[in-house]
Amino acid sequence: MYVALRDLAHARGRFVLMSVVIVLITFLVTFLASLTAGLTRESTSAVTDLPSDRIAFSMPGADDAPEFTASRVTADQWEGWARVPGVESADPLGVATTRAESAGTTASVTALGVADGSDLVPWSTGDVAPGTVVLTPGAAGALDAQNGDTVALGGGELVVAGIADADESFSHTPVVWTTLDDWQTIGARGADASDAPVATVVALTTTGADGAILADADAELGTTTVTRSDARSAVSSFAGENTSLTTMQAFLLVISALVVGAFFTVWTISRSGDVAVLKALGASTGYLLRDALGQAAVLLVGGVAVGTALTVAGASLLPAAVPVVVTAATTLVPAVGLVLLGLVGAGVSVARITRIDPHAALAAR
Amino acid sequence: MDLHLQDVTLVYPDGGTTLTAVDDVDLTVPAGTTTALLGPSGAGKSSLLAVAAGLTRPSHGTVTIGPDVVFTPTTTLAQATRVRLERIGLVFQSPQLLGSLTALEQLELHAHLRGRRPSSLRPRAMELLDAVGVADHAGKRPAQLSGGQRQRVAIARALVGRPEVLLVDEPTSALDHERGTRVVELITGLARETGAATVIVSHDASTLTTVDATVRMLDARIEPAAHLATS
Ligand SMILES: Nc1ncnc2c1ncn2[C@@H]1O[C@H](COP(=O)(O)OP(=O)(O)O)[C@@H](O)[C@H]1O
Ligand SMILES: [Mg+2]
């Protein structure tokens, strides 16, 4: 990169301009990815943080896609799942978003109802007892409630028994944990018959069961079982957000490749005289391509690194209310994608180097 | 090493027809000597030089350096580039320096092109910049040099790889008579010192007092040589 590095230093103005564009695009892409991850977490952490690996839904129509708002499972169904060989645990889980009222304030929360002694609650202090509620830290904050306070949940009064160890939310509302009985006053309450709905879904740990066993059980029990991560799509707020934000990121990646490609097209054309001279002096095509791509790589890696650093720094300065989650997946993965796509764009542009004929070019210069 | 052009013909496609820019030319330039190539504009001088430099393939004929046939109608681009890098020095009509490199770097680049450390060429580069009289400007970029200084850097650049063949196209076209004469003198002197078989294209015979031989080109053909130096 003998000439390329000197060109970078010499034509600084042009490259600084291009670097700023790369920095800003990178910032936009990585920040958007972090925001997407944050919103996804706010929508689905109650599902993705479950200790289970699969979720069984029971939808009103056999062909309906799983959805938390429409699913209702009966006692027969969850007891049926508990008997499936290879299924280690089958816990009924009630899911209902509702209004909660504390002494001071009101907030929207999602109440998760669990059977006695269920392991689903991230609360190491004890089990959720009838007449009590365990608040996640987010719910406690939203309701301004503490241990011993009374919270009105869908009409019933529950005493706060504790604050959960982990923060979880569902469809952008903080989660509170109740017993299945208490939950039924908010969510589904059926008759005492065994085929009446008791919960929303069944959370399964299926370590020993293969796909065929699960499919058979689904058919027999009239349920639809999906993996925990696929169950995110059953949260209605998640599907729409995720699609639009991911589409935006994809567009930004393509745009950045096009911008980088356009810049290097113009740059390569403007230096085609130099390329002709270099060829006349004996520079091989491989040498020239390495030189040009090396230059693009320097520009891209530098700009992307600064843009990514801006996202990391910016995210730490934002108020906690902005749901950004900065991880390697939201920064390094898009950053690598930007560098690779940028190199593709630059590669297509600098490929014209191979077509420069030094004899004709020098005669014209 | 001597430079030989044998039966060289160069035909350009010209719209639907063709244009013969070089027509069956034979030329021998002994090592260490300078041959001037004179002739009117459009005679085919630059085209002949382009064939000798491997910048374009001859339609017919061969170019030989010493015992080696280096360019034929079937030589590949990569082969020609390699020969140019290792055996041929080129000076163009205008200096054609690279804008972002200093005078010294223009010369050190040659080492980088050959996969060596650029600084390994520094003593040789400084020696040549000194020989062409621009050693004091080694750290300057082309924009900071005068036209004459640039042309001198270009001449030094052509010689930095100790080429066996030096090809120079109208080096004096932008210079006045006195400077032009001095540049030709410089080139012939360096050719003698380095043993390079040298061809200078010129349209101004009055600057060629120091060359060893003169060849005229007219309508793509070469006229019999006359020996200026001995006349
Ligand atoms: N790259 C080219 N393609 C087609 N025709 C060319 C090209 N270069 C030169 N010619 C033609 O070849 C002839 C000789 O040109 P040239 O070698 O440049 O002459 P000189 O250097 O003696 O002025 C001219 O008629 C010119 O128009
Ligand atoms: Mg010419």
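Just so it is clear: chains get the letters A, B, ... in the order the sequence lines come, proteins before strands, and each one is counted from 1.
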Discussion item. Counting heavy-atom pairs under 4.5 Å with chain A, which one of B:E105, B:R157, B:Q93 comes out on top?
Written reply: B:E105
Fill in: Electrostatic pair A:D291:A:R6 at N-O distance under 4.0 angstrom
no
Item to complete: Begin from the C-alpha positions of A:S169 and A:E42 and carry the test side chain to side chain donor-acceptor pair (under 3.5 Å) through to its verdict.
Response: CA-CA 5 Å; A:S169 56; A:E42 274 205 341; 5.7 Å; no
Worksheet item: So which of A:P358, A:S284, A:A280 has the biggest tally of heavy-atom pairs under 4.5 Å with chain B?
Response: A:A280
Item to complete: Check A:D7 against A:R271 and note the closest heavy-atom contact, atom names and distance.
Response: OD2-NE, 3.7 Å
Discussion item. Given heavy-atom pairs under 4.5 angstrom as the criterion, report whether the side chain, backbone, both or neither of A:Y2 touches chain B.
Written reply: both
Worksheet item: With respect to chain A, which residue among B:R141, B:R82, B:E86 yields the maximal number of heavy-atom pairs within a distance under 4.5 Å?
Response: B:R141
Worksheet, complete the sentence: Only one of A:T354, A:I269, A:I353 passes side-chain contact (heavy atoms from CB on, under 4.5 Å) with A:V275, and that residue is A:I353
Practice prompt. With sequence neighbours left out, write down each residue that passes side-chain contact (heavy atoms from CB on, under 4.5 Å) with B:T194, or none if nothing qualifies.
Written response: B:R124, B:L159, B:A196
Practice prompt. Evaluate the criterion side chain to side chain donor-acceptor pair (under 3.5 Å) for residue pair A:T268 and A:S349; output intermediate values, then yes/no.
Written response: CA-CA 7 Å; A:T268 306; A:S349 315; 6.0 Å; no
Worksheet entry | Among the listed options B:L113, B:D169, B:L55, B:L90, the residue most often paired with chain A at heavy-atom distances under 4.5 Å | B:L113
Worksheet item: With respect to chain A, which residue among B:G54, B:P118, B:S46, B:A78 yields the maximal number of heavy-atom pairs within a distance under 4.5 Å?
Response: B:P118
Practice prompt. Between chain A and each of B:L109, B:I88, B:L77, count heavy-atom pairs under 4.5 Å; write down the option with the most.
Written response: B:L109
Practice prompt. Look at B:A53, B:A80, B:G99 and state which one has the largest set of heavy-atom pairs under 4.5 Å with chain A.
Written response: B:G99
